[in-house]
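The structure appears below as structure tokens.
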Amino acid sequence: MRAVKLAPSLLSADFAAIADAIAACERGGADELHLDSMDGRFVPNFTWGMKIVRDLRRLTRLPFDCHLMIVEPERYVDAFRDAGANRITFHYEATPHQHRLLRHLRKSGVGAGIAINPGTPASMLVDLAEELDRVLVMSVNPGFGGQSFIARALVKVREVRALLEARNPACEIEVDGGIDGENIERAIEAGADVLVAGNSVFASDDPAENIRALRRRIDARHASRA
Ligand code: DX5
Ligand code: ZN
């Protein structure tokens, strides 16, 4: 049975105290850090680019999963890799050349992930399945932290799991958006391997303890999935 990972999203952290936020993720036992890059075009919000990723790289050895919510991701993936990304997850909807870009990512030595918006069906991944290390199922519309979980995403996780079962069983499924102590177990039950959590980690006082609390939920559900 695969380990289920917890990936705090720094989007909801205080950007003026980002080193403290990362230290709390380490103390809490995060498996990786989820870094959301937004370009104000693919989504109606801005966050950080390669310079910040490079600077953050000096603060931690936790793997960086760079979730690119940007148009034409092919123009920037090498720069994100050079800045220290361990995995790059771009959006299916952001480029017509998903297959080429997935192959390029693997060839360049970073994990290859693709994200699908709530309005994009799992079936769009049929011809990409073999090229993938990770599928990110969005459980909110991308662009902002703190939105409510879209329950339909659980159906999609099951559909993606079924599709991968035959073609690429090693591929991980990540769920991103609105994950909290209430729905995290349902996401795992549906087949999620990686849970992103922004608001539920950073919106209240003790992020390290919030991570531990989510971890306990994961471990409880994971034991019963065995
Ligand atoms: C939304 C981002 C998410 C976000 C999740 O566009 O992709 O990673 O930070 O935050 P919560 O957990 O607050 O929904
Ligand atoms: Zn994200």
Side-chain angles (χ1 to χ4, degrees), residues 4-15 18 21-22 24-25 28 30-49 52-53 56 62-71 73 76-77 80 85-94 111-120 133-154 156-157 160 172-188 192-207 210-211 213-215 217-218:
V4 173
K5 299 177 188 163
L6 185 61
S9 162
L10 292 177
L11 181 64
S12 296
D14 178 357
F15 285 12
I18 205 71
I22 291 177
C25 290
D31 296 290
E32 55 184 67
L33 291 181
H34 183 90
L35 303 183
D36 291 296
S37 286
M38 304 184 185
D39 66 354
R41 291 183 66 205
F42 184 70
V43 291
N45 198 3
F46 292 93
T47 52
W48 42 44
I52 298 183
V53 172
L56 297 185
L62 284 173
F64 282 176
D65 180 15
C66 288
H67 176 195
L68 302 188
M69 286 159 275
I70 65 176
V71 297
Y76 297 102
V77 291
F80 276 98
N86 300 89
R87 174 185 323 283
I88 293 181
T89 300
F90 66 89
H91 268 262
Y92 174 88
E93 305 84 3
I114 199 158
I116 49 175
N117 278 339
T120 301
D133 297 313
R134 189 178 281 187
V135 173
L136 189 165
V137 174
M138 287 302 306
S139 42
V140 296
N141 284 292
F144 302 94
Q147 304 180 78
S148 337
F149 185 77
I150 298 171
R152 165 81 203 171
L154 295 174
K156 203 187 291 185
V157 169
V160 172
E172 293 175 314
I173 300 178
E174 179 173 20
V175 178
D176 183 6
I179 290 286
D180 59 23
E182 297 301 307
N183 55 32
I184 194 165
E185 298 182 41
R186 279 186 284 142
I188 297 168
D193 303 294
V194 186
L195 289 313
V196 177
N199 227 47
S200 56
V201 168
F202 291 106
S204 61
D205 267 356
D206 189 344
N210 296 338
I211 291 169
L214 289 171
R215 179 91 251 165
R217 295 275 190 169
I218 290 176

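When a ligand or atom number is given, it counts from 1 through the structure's own listing order.
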Inset, instruction - Tell me, please: is Gly143 in heavy-atom contact with ligand 1, that is, under 4.0 Å? - result: yes

Inset, instruction - Taking ring pair (Phe, Tyr, Trp, His ring centres under 6.0 Å) as the test, write out the residues that go with Tyr92, two or more places apart. - result: none

Legend entry - Leu11 neighbourhood, listing ligand 1 atoms whose heavy-atom distance to it stays under 4.0 Å: 4 (C), 9 (O)

Inset, instruction - Please examine the side chains of Val157 and Val175, heavy atoms only from C-beta on, and report whether any two atoms are closer than 4.5 Å. - result: yes

Inset, instruction - Just let me know how Asp176 lines up against ligand 1, side chain, backbone, both or neither, with a heavy-atom cut-off below 4.0 Å. - result: side chain

Legend entry - Closest protein heavy atom (residue, atom, distance) for atom 12 (O) of ligand 1: Gly198 N, 2.8 Å

Inset, instruction - Return yes or no for this condition: an N or O of Asp36 is under 3.5 Å from an N or O of ligand 1. - result: yes

Inset, instruction - Report the relative orientation of the aromatic rings in Phe42 and His91; use parallel for angles under 30°, tilted for 30 to 60°, perpendicular for over 60°. - result: tilted

Legend entry - Geometry at the Zn ion (ligand 2) - Asp176 OD2 versus His34 NE2 angle, rounded to 10 degrees: 100°

Legend entry - Note, Thr120 side chain near Glu93 side chain (heavy atom, < 4.5 Å): yes

Inset, instruction - State, yes or no, whether a side-chain contact exists between Leu6 and Glu32 at a heavy-atom distance under 4.5 Å. - result: no

Inset, instruction - Please could you name the atoms of ligand 1 that Ser9 approaches to less than 4.0 Å, counting only its heavy atoms? - result: 4 (C), 8 (O), 9 (O)

Inset, instruction - Please name all residues satisfying salt bridge (charged side-chain N to carboxylate O under 4.0 Å, His left out) with Glu182, sequence neighbours left out, ordered by chain then number. - result: none

Legend entry - Over all atoms of both residues, closest heavy-atom pair of Phe149 and Ile179: CE1-CD1, 3.9 Å

Inset, instruction - Give a rough value, rounded to 10 degrees, for the angle at the Zn ion (ligand 2) between atoms OD1 of Asp36 and ND1 of His67. - result: 90°

Legend entry - Any donor-acceptor N or O pair under 3.5 Å, side chains Ser204, Asn210: yes

Legend entry - Closest contact, heavy atoms only, Lys5 versus Asp31: CA-OD2, 3.3 Å

Inset, instruction - Could you tell me which atoms of ligand 1, counted from 1 in the order shown, lie closer than 4.0 angstrom to a heavy atom of Phe144? - result: 1 (C), 6 (O)

Inset, instruction - Determine the sole option in Val196, Asn45, Val43, Asp176 for which the side chain to side chain contact (heavy atoms under 4.5 Å, CB included) test with Asp36 is passed. - result: Asp176

Inset, instruction - Check ligand 1 against His34 and write out every atom of the ligand that is under 4.0 Å from a heavy-atom position of the residue. - result: 8 (O)

Inset, instruction - For atom 10 (O) of ligand 1, state which one of Ala13, Gly145, Ser148, Pro8 supplies the nearest heavy atom. - result: Gly145

Inset, instruction - Pull out every atom of ligand 1 sitting under 4.0 Å from any heavy atom of Met69, numbered as shown with elements. - result: 6 (O), 7 (O)

Inset, instruction - Please confirm whether Gly178 comes within less than 3.5 Å of ligand 1 when only nitrogen or oxygen atoms on both sides are compared. - result: yes

Inset, instruction - Would you mind running through ligand 1 and noting each atom that sits below 4.0 Å from a heavy atom of Gly177? - result: 14 (O)

Legend entry - Subset of ligand 1 atoms that lie under 4.0 Å from at least one heavy atom of Pro142: 6 (O)

Inset, instruction - Taking the side chain as every heavy atom from C-beta outward, state whether Leu56 and Leu10 have any atom pair closer than 4.5 Å. - result: yes

Inset, instruction - Check each atom of ligand 1 against the heavy atoms of Gly146 and keep those under 4.0 Å away; list them by number with element. - result: 11 (P), 13 (O), 14 (O)

Inset, instruction - Please determine if Asn141 has a nitrogen or oxygen closer than 3.5 Å to a nitrogen or oxygen of ligand 1. - result: no

